[in-house]
Amino acid sequence: MCCRTARVATTTTEGLADAAAAQAPGTTGPAPHLILVDGSGYIFRAFHALPPMTRPDGVPVNAVFGFTNMLGQFLTRHVGTHLAVVFDASRVTFRNAIYDQYKAHRPEAPPELVPQFSLIREATAAFGVACIELDGYEADDLIAAYAKAFEGTGGQVTIVSSDKDLMQLVRPGVQLLDPIKQKPIREPEVFEKFGVTPDKVVDVQALAGDSTDNVPGVPGIGIKTAAALITEHGDLEGLLAAAPQIRQPKRREALIAHAELARISKKLVTLDSDAPLPAPVDSLLVRAPEPGRLAGFLREQGFRSMLHRMGLDGDANADSAPVSRPRHAPASATGLPEPAAATAEVTPAADAAPFGPYETVTEAAALAPWIAAAREAGVLALDTETDSLDALHANLVGISLAVAPGRACYIPLRHGPAQAGADLLEEAPKPPPQMTQDEAIAALRPLLEDPSVLKVLHNAKYDLEVLCRAENGGVAVAPLDDTMLISYSMDAGRHGHGMDELSLRHLGHRPIPYDEVTGTGRARIPFGQVALDKATAYAAEDADVTLRLWQALKPRLRTERALALYEQVERRMVAVLRDMELAGIKVDGAELARIGEDFSQRMVTLEKEIHELAGKPFNVGSPKQLGEILFDEQKLPGGKRGKAGAWGTDAAVLEDLAARGHELPRRVLHWRQLSKLKSTYVEGLAAQIDKRDGRVHTDFSMALTSTGRLSSTEPNLQNIPIRTEEGARIRRAFVAEPGHVLLAADYSQIELRLLAHLADVPSLREAFAKGEDIHSRTAADIFRLDPDKVDREARRRAKTINFGIIYGMSAFGLAARLGIGPGEARGIIDAYFSQYPGILEEMERLKAQARETGYVTTPFGRRLWIDGIQAREQARRGNAERAAINAPFQGGAAEIIKRAMVRMPAALRAAGLSARMLLQVHDELLFEVPEAEVEATAACVRAVMEGVAELRVPLKAEIGHGANWGEAH
DNA sequence: TACATCACG
DNA sequence: GACGTACGTGATGTAC
């Protein structure tokens, strides 16, 4: 056997070459080390993590790309003496003979993945790595068998997989490596996951089952319970023998009834370490790839960036970072340089430049060349580091800049002495040398405020709020691009838009996690105490990633027809929302306290009455205890158990019982209402009042919802109560400053107007045009009534169905809401659709569009991706279909109000008004207005809101004002 | 941490 | 024939 091979001098194969030079087991040299890569796990992860890609000839290759990239990266980092990638060979294995349902509900591989399996085996071979597979056995069994066989050599085994089923193999000499987290999994990690040592894992799995593999287990027993039982009884057989003595009746019965199921489950999850080895262990010895084979393979797939990154494209300068980009003629409305056009390459091109090392800039002389490079390029990526996620309280700790891929620096400003690794010297630790904030800001301000240099940020609103505050330099960064919003403008609903996720998805690069830099929990240190080398590696990488994301994503805006949406709406929202968040809204804390006191007293009374009615004290706030009292003890009718086996006690259930004259549920409903208001709004809100200005400042999330709406957190000011009198009291605690009023402007029936517009319904269009009541018109149409004969009940029913339609409601759902039979509900829906055939067509069109393209569009062209529309499970697909129906209405409304918001500040200014926009609540805008300007402001706001879009129906805003938010409605 | 519940549009 | 049953959010308390 020959094991010495020529050293191949490429970055990627270096690790391999080192290993190949190692001695075979049994001789002197590095200890034998077998690495077994779970290939199937890699494939599915790559397939699902990456967007579709195709070769020029149309063959889908996203999984091939992801797999090749991962394997290549892995080989640069890990050295073994023996190496194999192990695959599943077929769907049917010996386990199906034991239990025919095993993995039975696993869907067939998606058609786009099928042609990629053989390419992935080719890729493995191209790296010179052995491919192992065997009919009738899963990859996991082969891994178990090789691990066992290799142990005889006295060597170490590392299994690269995140599959928990492999944890049973962990033992001295055998470890797992999580390929995502790059974290070894040894006994403590297994214990953390399963609550038992690795040798007991199969016993726990036998009890807990595994829904993803259709391993049944024992019903009602999860991992936690299983671990406790196995710990107590040793193993599965010990437990089954002792089952009759178990105290808990449910558990005892389940164990006795399903003993055989548990035994079968154990057989299913136990890996077969006696599986035959398709190739001898010795043949897995690491060898260098045949020269040119890998390059040839990569070239065939069109993976040019990878070829380049691995130094296989014959370019001697492959590793040197580009220092500057050629300038481009301004191509967009911004008049600013555009990133390089998308390359023809199908891959999410990862740049050749490495991520780091980066420079730490600690003096003005070192900062100057970065500023010059940014001016030369006309664009830079920017990121701030702070000591808080709350932008309004955060102190600037440092700034990072990137001027080209791989060329980034970190400028520490308020770093203290590094905390970790403090030595034992007596003298007080000193902060590291660094520029002062004044010094750095003085140098950077002209650049950051220069209208001819584009600043690229990720979630720019945060950085803008930090930097605009005087204590952090008071810099007004402009103009800007925001990679989070670029992504959101094209891919809402498709995936998240955080930097780490986008980097992994589009750059194939996993940035250093924040937690890795600062630690977590009690051990977490402020960023300003992180050692400068670590801080630089993290912070400069963020700027580098931001710049590369911008280069990868910005060109797509044009091809995906999202450029106008991004430039005219999303990007302009940044400054608008920044100002709203900075403004905040005043809350009367004393009034909140009075409300809380009142609610407390009433809750005490109610609680006493509830306990009396129950016949014993219990925790009214516990749905579990309440359910047991209502349905187990008092045997009230109408109880339904949820999926966890607990009685359902939500408001609908309690209202039903209350309507039948039961006093206990009625009081509980009232108690719950007060409890909710008190804890969430009285106490939660009071804790959020900023001591500096007596106002609450929300944080609007711009890239979170699947429909284009905003969301609001800490506190959420988009769900302040209003529907009940008690709730309205809380809304009245939101007040205006002296001399001002709050002015609220609501879009009237905006989603129904969009329905009339999109489905082009003549009757509804006419009703809106004439300013009629839309629900009365619907009632007249579908119940064939004279317009003046529409009573309250008919209108109520029409209103329910109008809203139900927008939500994709079924006859079943309508029946439940109206309290009628499904037959009658069916009749109403039929009448509705026969009166408004355009609506039926529109619903069908939306479902079909989502099914065929994966997305639906708003009337303004925004794509909303619908997750699960292709699902095989009917329930999941049904959910997706209803989401597809709703999305254009919810998203269209969101877009209308965003358009009004971006126009509003300039319109107010032009009218000489000093009103401030404070909040957006989906179809409502709230302003704080000087008393003297109320009428003029109302006119201006109305003009902007109603004039923002031309639909087939008019838009209407309803405006009111008052000393507080309650009165403004 | 997951679930149930409920606040809003 | 069964399946599940109105969209989108965020905060809180209980129970595991």
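Order of the sequence lines fixes the chain letters, A, B, ..., with proteins taken first and strands second; residue numbering starts at 1 for each chain. A quick note: this is a predicted structure, and the numbers were derived from the prediction, not measured.
A:Arg709 comes within contact range of at least one nucleobase, with a heavy-atom separation under 4.0 Å. At a threshold of 4.0 angstrom between heavy atoms, the contacts of A:Thr705 are confined to the sugar-phosphate backbone, with no base atom among them. Counting non-hydrogen atoms under 4.0 angstrom, A:Ile720 reaches the backbone sugars and phosphates but no base. Counting non-hydrogen atoms under 4.0 angstrom, A:Thr225 reaches nothing in the nucleic acid. Looking at heavy-atom distances under 4.0 Å, A:Ala811 makes no contact with the nucleic acid at all. Residue contacts shown for A:Lys676 include a base, since a base heavy atom lies under 4.0 Å away. If you check every strand for non-hydrogen atoms under 4.0 Å, A:Gly878 touches nothing. Contact annotation for A:Glu751: no contact, since no heavy-atom pair falls under 4.0 Å across all strands. Within the nucleic acid shown, A:Ile805 has no heavy atom closer than 4.0 Å to any nucleic acid atom. A:Phe889 comes within contact range of no nucleotide atom at all, as no heavy-atom separation falls under 4.0 Å. Among the heavy atoms of the strands lying under 4.0 Å from A:Leu704 are primed sugar atoms or P, OP1, OP2 only; no base atom is included. Across all strands, A:Thr649 comes closer than 4.0 Å only to sugar-phosphate atoms, never to a base (heavy-atom distances). No engagement by A:Glu924 is indicated, since no non-hydrogen atom pair under 4.0 Å with the nucleic acid exists.
Residues A:Asp588 and A:Arg732 are not paired through a salt bridge, judged by the lack of any N-O separation under 4.0 Å between the basic side chain and the carboxylate. A:Lys678 has a carboxylate O that lies under 4.0 Å from a charged side-chain N of A:Glu683, or vice versa, which qualifies the two as a salt bridge. The pair A:Arg845-A:Glu842 counts as a salt bridge, with a side-chain nitrogen and a carboxylate oxygen less than 4.0 angstrom apart. A:Lys847 and A:Glu844 are joined by a salt bridge, as a carboxylate oxygen and a charged side-chain nitrogen come within less than 4.0 angstrom of each other.
Annotation: C:dG4 and B:dC6 have their C1' atoms spaced 23 Å apart (nearest Å). One P atom belongs to B:dC3, the other to C:dT5, and the distance between them is 15 Å to the nearest Å.
Listed nucleotides: B:dG9, C:dT5, C:dG13. Nearest to the side chain of A:Ser679: C:dG13. The side chain of A:Arg731 sits closest to B:dC8 out of B:dA7, C:dT12, B:dC8. Residue A:Ser706 places its side chain closer to C:dT9 than to any other of C:dT9, C:dG4, C:dC16. Out of B:dC8, C:dA11, C:dT5, the shortest distance to the side chain of A:Ser810 is found at C:dT5. Considering only side-chain atoms of A:Asp923, the nucleotide from B:dT5, B:dG9, C:dG8 that sits closest is B:dG9. Each of B:dC6, C:dC16, C:dT14 was ranked by its minimum atom distance to the side chain of A:Arg672; first place goes to B:dC6. Closest to the side chain of A:Arg817, out of B:dA7, C:dA6, B:dT5, is C:dA6.
Judged by a 6.0 Å distance limit and a 45° cone about the ring axis, A:Arg899 is positioned over the six-membered ring of A:Phe860.
Phosphate contact (OP1/OP2 of C:dC7, side-chain N/O of A:Arg882, threshold under 4.0 Å): present. Within the structure, every side-chain polar atom (N or O) of A:Arg723 is placed at least 4.0 Å from both OP1 and OP2 of B:dA7. An OP1 or OP2 oxygen of C:dA15 is reached within less than 4.0 angstrom by a side-chain nitrogen or oxygen of A:Gln625. In terms of phosphate contacts, A:Ser675 brings no side-chain nitrogen or oxygen within less than 4.0 Å of OP1 or OP2 of C:dT12.
The nearest whole Å value for the distance from the NE2 atom in A:His922 to the P atom in B:dC8 is 12 Å. Between the CG atom of A:Leu677 and the P atom of B:dT5 there is a distance of 18 Å, rounded to whole Å. Distance CG (A:Asn716) to C1' (B:dC6): 12 Å, rounded to an integer number of Å. We find that CH2 of A:Trp671 is positioned 13 Å from P of B:dA7, with the value rounded to whole Å. Atom P of nucleotide C:dA2 and atom CZ of A:Arg877 are separated by 18 Å, given to the nearest angstrom. Remark: P of C:dG10 and CG of A:Leu919 are 16 Å apart, rounded to the nearest angstrom. Between A:Asn886 atom CG and B:dG9 atom P there is a gap of 16 Å when expressed in whole angstrom units. The CZ atom of A:Arg876 sits 15 Å away from the P atom of C:dT5 (whole-angstrom rounding).
Residue A:Ala884 comes nearest to A:Ile866 through the heavy atom pair CA-CD1, 3.8 Å, listed as atom of the first residue, atom of the second, then distance.
Side-chain rings of A:Phe889 and A:His757 stay apart, their centers remaining 6.0 Å or farther from each other.
In this structure, C:dA6 makes no Watson-Crick or G-U wobble pair, since no nucleotide meets both defining distances under 3.5 angstrom. Base pairing annotation: B:dA2 forms a Watson-Crick or G-U wobble pair with C:dT14, both donor-acceptor distances under 3.5 Å.
Across A:Lys676, A:Arg602, A:Arg666, A:Glu607, a single residue satisfies side-chain contact (heavy atoms from CB on, under 4.5 Å) together with A:Trp671, and that is A:Glu607.
Taking only distance into account, the side chain of A:Ser711 never meets the base of C:dT9 through a donor-acceptor pair shorter than 3.5 Å. The base of B:dC8 has none of its N or O atoms less than 3.5 Å from a complementary donor or acceptor on the side chain of A:Gln718.
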